[in-house]
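Lettering follows sequence order; numbering is per chain, from 1.
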Amino acid sequence: VVTWNAMIGVYAQQGQVEEAYRMFQSIPQKNVATWTAMVSAFAKNGRLQQALQLFHQTPHRDVFAWNDIISAFADNGKLKEALHLFQEMPCRNVVSWTVMISAHAEQGKLEEAFSFFQQMPERNVVSWTAIVSAFARQGLLKEAMELFIEMPQKNIVSWTALISGYGQQGQLKEAFHLFQQMQTEGFSPDNITIMSIIDACSNHAALAEARVIDTWTRNSIFKSDILLGTSLVNMYGRCGSIPDAVEVFNRMPQHSLLSWNSLIGVYAQHGCGQEAFQALSSMMLEGVMPCNITFVSIISAC
RNA sequence: GCGCAAGUAACUCU
């Protein structure tokens with residue numbers, strides 16, 4: 001049963017809801033976890049009705065099952081229903097409360113989110129991070145920072161939430177300072193941390209900072225992947241530096257269609273038709289087939 | 001033991 005439950009989760013993650021459901025039906029002895037996994041599978045693929053229906057059929061619903069369906073409603077923007085279920089549920093745990101925090105934060109209802117945070121009987125690092133993130137995303141950096149300082153334990157997610165808040169507000173120096181500080185305190189940034197800084201540099205056309213983060217990814221023991229490389233290319237494009245964009249691109253061990261599109265897009269932004277065409281033939285030499293987006297970029301480069 | 005909650009994100013146009 002344990003294995004089956006896990007497989008439902010795997011199918012769900014890949015968007016194979018039908019497969020998951022077929023498997024679910026064939027499982028002889030289901031437990032609550034089986035049902036919850038299936039409800040979650042429906043929910044994550046936007047099948048709220050089926051999720052709800054199955055939830056109602058679930059025997060011996062526990063707090064996990066309840067949290068799951070509440071979170072499903074919340075994810076689909078049905079805050080009212082989520083709240084109602086939260087009030088109806090027989091018992092709540094820290095996850096239930098945290099779902100309410102993030103659900104309200106998502107809708108911009110910061111006051112409510114904070115009120116849930118204050119009312120909850122106990123908090124963990126996830127609930128703290130949820131509230132820090134809520135304030136940070138709204139640009140209330142002072143409040144976010146205060147809560148961050150106050151939180152008893154931090155992890156990489158908490159740090160990233162705060163950093164990305166500063167990044168989105170264009171407070172790059174502060175974002176970088178936090179980036180340093182997190183490492184001083186023993187936390188290694190991951191792809192998500194880096195991506196949020198890249199995004200900040202891109203959106204604020206901060207070339208100097210862009211180079212700092214690029215250099216960091218090069219010098220640290222850090223598994224950079226295609227997605228990150230592609231984002232660096234885009235970042236340099238938005239910061240207006242073609243040479244830097246080309247250099248990161250060439251440094252990438254693998255290029256996907258999207259990486260090529262990004263490079264060509266950078267050329268396009270700067271009207272470099274010649275280079276765009278060269279890139280087009282290079283990509284085909286590498287065996288990557290251009291798509292319509294590629295051609296749109298090529299055309300606009302000319 | 002399995003199922004629920006927190007951080008970022010792609011390329012063109014919008």
Side-chain angles (χ1 to χ4, degrees), chain A residues 1-10 12 24 27 30-41 43-44 55 58 61-72 74-75 92-103 105-106 113 117 120 123-134 136-137 151 154-165 167-168 189-200 202 225-235 237 255-266 268-269 290-301:
Chain A
V1 186
V2 174
T3 316
W4 280 319
N5 293 351
M7 288 193 67
I8 292 178
V10 171
F24 172 80
I27 299 174
K30 307 177 183 65
N31 59 19
V32 207
T34 318
W35 287 83
T36 306
M38 194 58 228
V39 171
S40 180
K44 286 195 178 101
F55 170 75
T58 304
R61 284 174 297 225
D62 59 8
V63 70
F64 279 30
W66 280 93
N67 289 342
D68 187 39
I69 194 70
I70 290 175
S71 156
D75 285 344
R92 301 172 254 283
N93 64 10
V94 63
V95 174
S96 328
W97 287 90
T98 305
V99 170
M100 295 318 286
I101 294 175
S102 55
E106 191 75 29
F117 177 76
M120 64 196 296
R123 302 165 188 88
N124 61 16
V125 64
V126 177
S127 30
W128 276 96
T129 302
I131 196 67
V132 167
S133 169
R137 271 199 306 236
M151 71 190 287
K154 303 162 183 35
N155 61 20
I156 185 174
V157 178
S158 345
W159 280 98
T160 304
L162 190 64
I163 289 172
S164 108
Q168 278 162 9
D190 64 6
N191 283 27
I192 297 187
T193 316
I194 303 301
M195 292 291 313
S196 57
I197 294 192
I198 288 177
D199 199 50
S202 299
D225 55 14
I226 293 196
L227 197 149
L228 192 107
T230 303
S231 302
L232 288 171
V233 172
N234 288 324
M235 172 185 75
H255 301 129
S256 66
L257 171 62
L258 262 60
S259 320
W260 282 106
N261 284 350
S262 294
L263 179 69
I264 293 171
V266 170
Q269 280 163 26
C291 69
N292 51 349
I293 292 182
T294 316
F295 291 115
V296 170
S297 299
I298 293 279
I299 290 166
S300 77

Give the rounded distance in Å between these two atoms: CG of Asn93(A) and P of rG3(B). 15 Å
Whole-Å distance separating the CZ atom of Phe64(A) from the C1' atom of rC4(B): 6 Å
Can you tell me whether the side chain of Asp190(A) and the base of rG7(B) have a donor-acceptor pair closer than 3.5 Å? yes
Here the distance between atom P of rC4(B) and atom CG of Asp75(A), to the nearest Å, is 12 Å
Which pair of heavy atoms, one from Val233(A) and one from Val266(A), lies closest together, and at what distance? O-CG2, 3.8 Å
How is Leu162(A) classified with respect to the nucleic acid when contacts are heavy atoms under 4.0 Å: base, sugar-phosphate, or nothing? nothing
So what does Ser196(A) hit on the nucleic acid, given a heavy-atom distance under 4.0 Å: a base, only sugar-phosphate, or nothing? sugar-phosphate
Nearest-neighbour nucleotide for the Thr193(A) side chain, rU8(B), rG7(B), rC2(B) considered: rG7(B)
Measure distances between side-chain N and O atoms of Asp62(A) and base N and O atoms of rG3(B), and say whether any donor-acceptor pair falls under 3.5 Å. yes
Separation of atom CH2 in Trp128(A) from atom C1' in rA5(B), rounded to whole Å: 17 Å
Closest of rG3(B), rA9(B), rG7(B) to the Thr160(A) side chain is rG7(B)
Would you indicate what Val233(A) reaches in the nucleic acid, counting non-hydrogen atoms under 4.0 angstrom: base, sugar-phosphate, or nothing? nothing
From the set rC4(B), rU8(B), rA6(B), return the single nucleotide nearest to any side-chain atom of Thr129(A). rA6(B)
Quick one: pull up CG in Leu228(A) and CD1 in Ile198(A) and give me the separation to the nearest 0.5 Å. 4.5 Å
Given the C1' atoms of rG3(B) and rG7(B), what is the spacing between them in whole Å? 23 Å
At 4.0 Å (heavy atoms only), tell me whether Ala130(A) reaches a base, stays on the sugar-phosphate, or touches nothing. sugar-phosphate
Without hydrogens or angle criteria, can the side chains of Ser256(A) and Ser259(A) be said to hold a donor-acceptor pair below 3.5 Å? yes
Verify whether one side chain among Ser202(A) and Asp199(A) offers a donor that lies under 3.5 Å from an acceptor in the other. no
Answer with base, sugar-phosphate or nothing: what part of the nucleic acid does Asp68(A) contact at a heavy-atom distance below 4.0 Å? sugar-phosphate
Are side-chain N/O atoms of Ser71(A) and Asp68(A) paired as donor and acceptor at under 3.5 Å? no
Pairwise C1' distance for rA10(B) and rA6(B), with rounding to whole Å: 22 Å
Could you pull out the protein-nucleic contacts involving nucleotides 11-14 of chain B (nitrogen or oxygen on both sides, under 3.5 Å)?
| residue | atom | partner | partner atom | Å |
| --- | --- | --- | --- | --- |
| rC11(B) | OP1 | Arg238(A) | NH2 | 2.4 |
| rC11(B) | O4' | Ser262(A) | OG | 3.4 |
| rC11(B) | O2' | Asn261(A) | O | 3.1 |
| rC11(B) | O2 | Asn261(A) | ND2 | 2.5 |

Against the side chain of Ala37(A), the closest entry in rG3(B), rA9(B), rA5(B) is rG3(B)
Kindly point out which of rA5(B), rG7(B), rG3(B) is positioned nearest to the side chain of Asn124(A)? rA5(B)
Taking the six-membered ring for Trp, are the ring centroids of Phe24(A) and Trp4(A) within less than 6.0 Å of each other? no
Compute whether any side-chain donor of one residue and acceptor of the other, for Thr34(A) and Asn31(A), lie under 3.5 angstrom apart. yes
Atom NZ of Lys30(A) to atom C1' of rC2(B): distance rounded to whole Å? 15 Å
Heavy atoms under 4.0 Å, any strand shown: does Ser96(A) hit a base, just sugar-phosphate, or nothing? nothing
Select one nucleotide: of rG7(B), rC4(B), rA6(B), the one nearest the side-chain heavy atoms of Ser102(A). rA6(B)
Please check if atom CE in Met151(A) has more than 12 non-hydrogen atoms from other residues, nucleotides or ligands closer than 6.0 Å. yes
When rounded to whole Å, the CD1 to P distance for the pair Ile156(A) and rG7(B) reads 14 Å
Here the pair of heavy atoms bringing Ser96(A) nearest to Val63(A) is OG-CG2, 4.0 Å
Between CH2 of Trp35(A) and C1' of rC4(B) the distance, given in whole Å, is 17 Å
Just how far, in rounded Å, is P of rG7(B) from CG of Asn191(A)? 17 Å
